[in-house]
Amino acid sequence: MSTGHLTIDLAALAANWHALDAKTSVETAAVVKADGYGLGAARVAKALADAGARQFFVAAAEEGAAVRQALGPGPVISVFSGHMEGDTDTLRDLTLTPMLNSATQVKRHFDTLPDQPFGVQLDTGMNRLGMEWDDWAATAERIMRAGPTLVMSHLACADEPDHPMNPYQLDVFHQMTDGISTPRSLAATGGILLGEKYHFNLTRPGIGLYGGAPFDDAQPVARLDLPVIQIRDLAEGEVVGYGNSWQTERPARIATVAAGYADGLLRHLSGKATLWHNGQPCPLVGRVSMDLITVDVTDCDEDPAFLTILGPHQSVDDLAKNAGTIGYEILTSLGGRYSRHYATR
Ligand SMILES: *Cc1c(COP(=O)(O)O)cnc(C)c1O
């Protein structure tokens, strides 16, 4: 088999949920959008429900299908993008709770699904998603009469604890929502770490569950082992890969490994990543191609059958740094060709 092995540690996922839950005295939901941050929404959601999560968030109504099927009828599944045109049947059939983002969405929801639960998303300065002050002021009374499940907003800079945007958005959220009896939510992973003032009634962690920064105490959840297809000896001065972008400066042993940019190993990692064999770092040399990478295994004490690119020696954030991106993008780029194994320990 020449596909990589992606191992998803569901026990670590559950431990991360418990650890984030223990940081607050309020309810902890779980964000499982983008196919559970690339790790498989159905399996991830089920494991988090078993850990105790009762509320889940997805980005789009379509994403709710796999989650609802995995969880059954009980848990609340909310949709960040709200109630878009064409969503009505999906929201009704799957019993999803849209977070309404505009007066247009409010009207659409009240016209088509007047008895279906909904929440409201407010924009407190990020200028991305949610009702602005004017919209909210004009419709709040009508919305509150209908009894939303949740009033939420999202922080733009929560991964920078000292950023002045954090207290600013907190203040705006208070001004927009103080006095209402509906449960409120402001914090994702970063917001949980900002402290109690940011917790309100419900937190919405995503990345921290999956082992990513800014939750530095997270247990790693994804491990990726890539099979070596072929190994060859090179003389000093030989070149490797597309564009001849790497040349040996000593006699070298080069392993050809079965994963490439089509599997989420971003091409920007060319010449910049490290793979591991039993604690021995092995540099990726030459360019990342679609299905293959080449790795210098000269210093290994044996020919590796597999090389590890996500594991105990290298986290998603380590790899992200080398690729000039963030752990979120590494995880959600993990390709569809890997064989996936869900470990429960
Ligand atoms: C993605 C997202 C989250 C989860 O954020 P993390 O940083 O992954 O914890 C929470 N709320 C909203 C609105 C989001 O878009």
Side-chain angles (χ1 to χ4, degrees), residues 13 16-17 19-21 23-24 26-39 41 44-45 48 53 55-61 63-64 67 76-84 96-102 105 118-131 148-161 163 165-166 169-170 172-173 177 183-194 198-219 221-222 315-317 320 325-334:
L13 177 80
N16 290 337
W17 186 84
L20 288 168
D21 186 49
K23 289 189 181 298
T24 80
V26 305
E27 183 176 357
T28 304
V31 178
V32 296
K33 62 190 179 187
D35 195 26
Y37 286 49
L39 299 181
V44 155
L48 291 166
Q55 294 209 42
F56 296 80
F57 288 88
V58 293
E63 292 186 318
V67 180
V76 178
I77 303 172
S78 297
V79 181
F80 288 137
S81 60
H83 190 150
M84 297 282 288
L96 305 177
T97 306
M99 298 289 117
L100 304 179
N101 288 299
S102 64
Q105 288 199 351
F118 69 95
V120 182
Q121 182 159 204
L122 303 177
D123 192 286
T124 49
M126 186 173 182
N127 288 315
R128 187 182 69 164
L129 200 55
M131 294 176 76
T149 58
L150 187 71
V151 175
M152 60 165 282
S153 186
H154 192 52
L155 297 167
C157 305
D159 57 343
E160 297 176 59
H163 202 294
M165 187 67 168
N166 297 321
Q169 285 191 268
L170 178 64
V172 173
F173 192 54
T177 63
R184 294 185 284 180
S185 176
L186 182 61
T189 303
I192 292 173
L193 305 174
L194 293 178
Y198 289 82
H199 296 165
F200 292 89
N201 305 101
L202 178 82
T203 64
R204 312 182 308 269
I207 193 69
L209 304 173
Y210 307 100
F215 182 31
D216 295 333
D217 297 335
Q219 294 186 26
V221 173
S315 70
V316 289
D317 293 296
T325 182
I326 51 178
Y328 298 75
E329 191 178 24
I330 296 292
L331 286 175
T332 56
S333 301
L334 291 170

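Each ligand, and each atom within it, is numbered from 1 in the order the structure gives. Only a predicted model underlies this, so the values are computations on that prediction, with no experimental measurement involved.
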- Polar side-chain atom of Ser333 near backbone of Glu329 as donor-acceptor pair, under 3.5 Å: yes
- Query: What heavy-atom pair brings Leu39 and Ala222 nearest, and what distance separates the two atoms?
  - Reply: CD2-CB, 4.1 Å
- Message: Heavy-atom pairs closer than 4.0 Å: do any link ligand 1 to the side chain of Tyr328, the backbone, both, or neither?
- Response: side chain
- Query: Around atom CE of Met84, are there more than 12 heavy atoms of other residues, nucleotides or ligands at under 6.0 Å?
  - Reply: no
- Does an N or O anywhere in Gly208 fall below 3.5 Å from an N or O of ligand 1? no
- Query: Which atoms of ligand 1 are found less than 4.0 Å from any heavy atom of Pro205?
  - Reply: 9 (O)
- Numbering as shown, the atoms of ligand 1 that approach Thr189 to under 4.0 Å (heavy-atom distance): 6 (P), 9 (O)
- Item | Element-labelled atoms of ligand 1 that are located less than 4.0 Å from some non-hydrogen atom of Tyr37 | 1 (C), 4 (C), 5 (O), 6 (P), 8 (O)
- Task: From atom 5 (O) of ligand 1, work out which of Ala188, Ser153, Ala158, Ala34 has a heavy atom at the shortest distance.
- Result: Ala188
- Task: Check whether any side-chain N or O of Gln121 sits under 3.5 Å from a backbone N or O of Asn101 as a donor-acceptor pair, and report yes or no.
- Result: no
- Hey, mind stepping through Ile207 and Ile326 against side chain to side chain contact (heavy atoms under 4.5 Å, CB included) and telling me if it holds? CA-CA 10 Å; Ile207 193 69; Ile326 51 178; over 6 Å; no
- Query: Mind checking whether Phe57 has a heavy atom under 4.0 Å from ligand 1?
  - Reply: no
- Note on the structure: With heavy atoms and a 4.0 Å threshold, my read on which part of Met126 contacts ligand 1 is neither
- Message: Using only atom types and a distance under 3.5 Å, with no angle test, would you say the side chain of Thr203 pairs donor to acceptor with the backbone of Ala188?
- Response: no
- Pick one of side chain, backbone, both or neither for how Arg204 approaches ligand 1, counting any non-hydrogen atom pair under 4.0 Å. both
- Flag, side chain of Arg204 to backbone of Phe57, donor-acceptor distance under 3.5 Å: no
- Item | Candidate with minimal heavy-atom separation from atom 2 (C) of ligand 1, of Arg128, Met152, Lys33, His154 | Lys33
